[in-house]
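Each remark here refers to the structure printed beneath this line.
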Amino acid sequence: EADIYQTPRYLVIGTGKKITLECSQTMGHDKMYWYQQDPGMELHLIHYSYGVNSTEKGDLSSESTVSRIRTEHFPLTLESARPSHTSQYLCASSDERGSSYEQYFGPGTRLTVT
Amino acid sequence: RKEVEQDPGPFNVPEGATVAFNCTYSNSASQSFFWYRQDCRKEPKLLMSVYSSGNEDGRFTAQLNRASQYISLLIRDSKLSDSATYLCVVNANTGGFKTIFGAGTRLFVKA
């Protein structure tokens, strides 16, 4: 089992609220990712990080922001939630020091904005 | 054109059938290749890596054809528990290392 955790698992929140989705991994991985996935649809990369103090935007434009102050922690923040943000958010990490490049995913946060 | 393309399916097969999934990728600089499995409403998990020489893990066989930029996954003797979405994943080094997930092929195995 991967040691990567996301909280909350489920969140229902009203429009305009600020929310932070938490992601932590205990594997010491440098690279971390946030994906957005609607039911039955493909994964979309929204943010990634190569390590502490490194953050990059992914392929899908997102109104969210991320930070990477500690290796193990990669939170995602929505300043003002909207119904269009309703989706599943998956956090992942990978260790590219070897040749594996396997991404380990957290269980996801299912967000509903009413 | 997407960088990684898969037949979305769904593939509906009876138990015991052999089923094959294909995946094509557009970046010739792609370096490593994987199949992931994603169960309904769950996170993706690595199923197997794909090597140039082809590789097998029990009932699963993965093959890579670099010349045609094509990856395949063969599942023999399908089980009900094989029902899932199978994601083709490609790593490429294009001015920075990048992992690209295909949209997935959905498989339903029926009794």
Side-chain angles (χ1 to χ4, degrees), chain A residues 1-7 9-10 21 23 25 27 29-51 54-60 86-112, chain B residues 1-11 21 23 25-27 29-52 55 57 62 64 83-108:
Chain A
E1 288 294 317
D3 295 321
I4 180 163
Y5 310 99
Q6 291 185 243
T7 57
R9 293 289 310 278
Y10 303 92
L21 308 185
C23 176
Q25 50 94 8
M27 297 174 281
H29 289 169
D30 287 325
K31 205 160 179 184
M32 295 188 74
Y33 316 78
W34 275 103
Y35 293 89
Q36 186 175 341
Q37 186 179 36
D38 292 326
M41 304 298 284
E42 62 195 284
L43 288 164
H44 291 286
L45 180 68
I46 51 175
H47 296 283
Y48 61 99
S49 166
Y50 286 113
S54 149
T55 62
E56 303 285 345
K57 288 190 180 294
D59 302 319
L60 182 68
T86 295
S87 189
Q88 171 154 272
Y89 293 83
L90 288 158
C91 179
S93 71
S94 65
D95 179 6
E96 293 169 14
R97 288 170 289 179
S99 59
S100 172
Y101 306 117
E102 176 182 355
Q103 288 195 19
Y104 296 86
F105 284 82
T109 294
R110 197 168 294 277
L111 173 66
T112 302
Chain B
R1 187 190 167 196
K2 291 184 178 181
E3 291 184 78
V4 175
E5 297 219 52
Q6 296 183 249
D7 182 342
F11 285 59
F21 304 139
C23 170
Y25 60 94
S26 60
N27 187 344
S30 297
Q31 296 175 326
S32 51
F33 310 88
F34 308 87
W35 284 100
Y36 278 66
R37 170 190 170 132
Q38 186 173 22
D39 292 312
C40 187
R41 300 174 80 83
K42 297 281 194 178
E43 71 274 21
K45 293 187 178 180
L46 179 67
L47 177 67
M48 59 197 301
S49 302
V50 186
Y51 303 119
S52 296
N55 49 298
D57 183 1
L64 167 65
S83 297
T85 297
Y86 291 84
L87 307 173
C88 174
V89 182
V90 173
N91 284 336
N93 198 341
T94 50
F97 205 79
K98 192 174 176 183
T99 299
I100 303 153
F101 282 79
T105 298
R106 190 170 284 190
L107 172 66
F108 293 103

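Chain letters run A, B, ... following the sequence lines, proteins first and then strands; every chain starts at 1.
The residue among A/Gln37, A/Gln88, A/Glu56 with the most heavy atom pairs within less than 4.5 Å of chain B is A/Gln37.
For the atom pair CE (B/Met48) and CD (A/Glu102), the distance works out to 13.0 Å, reported to the nearest 0.5 Å. With rounding to the nearest 0.5 angstrom, the CD1 atom of A/Ile4 is 9.5 Å from the CD atom of B/Glu43. Separating the OG1 atom in B/Thr99 from the OH atom in A/Tyr48 is a distance of 10.0 Å, to the nearest 0.5 Å.
By the side chain to side chain contact (heavy atoms under 4.5 Å, CB included) test, B/Asp39 is found to be paired with B/Arg37, B/Lys42, B/Ala84, residues two or more places apart in sequence or in another chain being considered. Remark: B/Phe11 engages B/Phe21 in a ring pair (Phe, Tyr, Trp, His ring centres under 6.0 Å) (not counting sequence neighbours).
Checked against the 6.0 Å centroid threshold, B/Tyr36 and A/Tyr35 do not count as a close aromatic pair.
In this structure, A/Leu90 and B/Pro44 have side chains that are in contact, with non-hydrogen atoms separated by less than 4.5 Å. Within the 4.5 Å cutoff, side-chain heavy atoms of B/Lys2 are placed close to those of A/Glu42.
Both the backbone and the side chain of B/Arg41 have a heavy atom closer than 4.5 Å to some heavy atom of chain A. Proximity to chain A is absent for every atom of B/Ile100, based on heavy atoms less than 4.5 angstrom apart.
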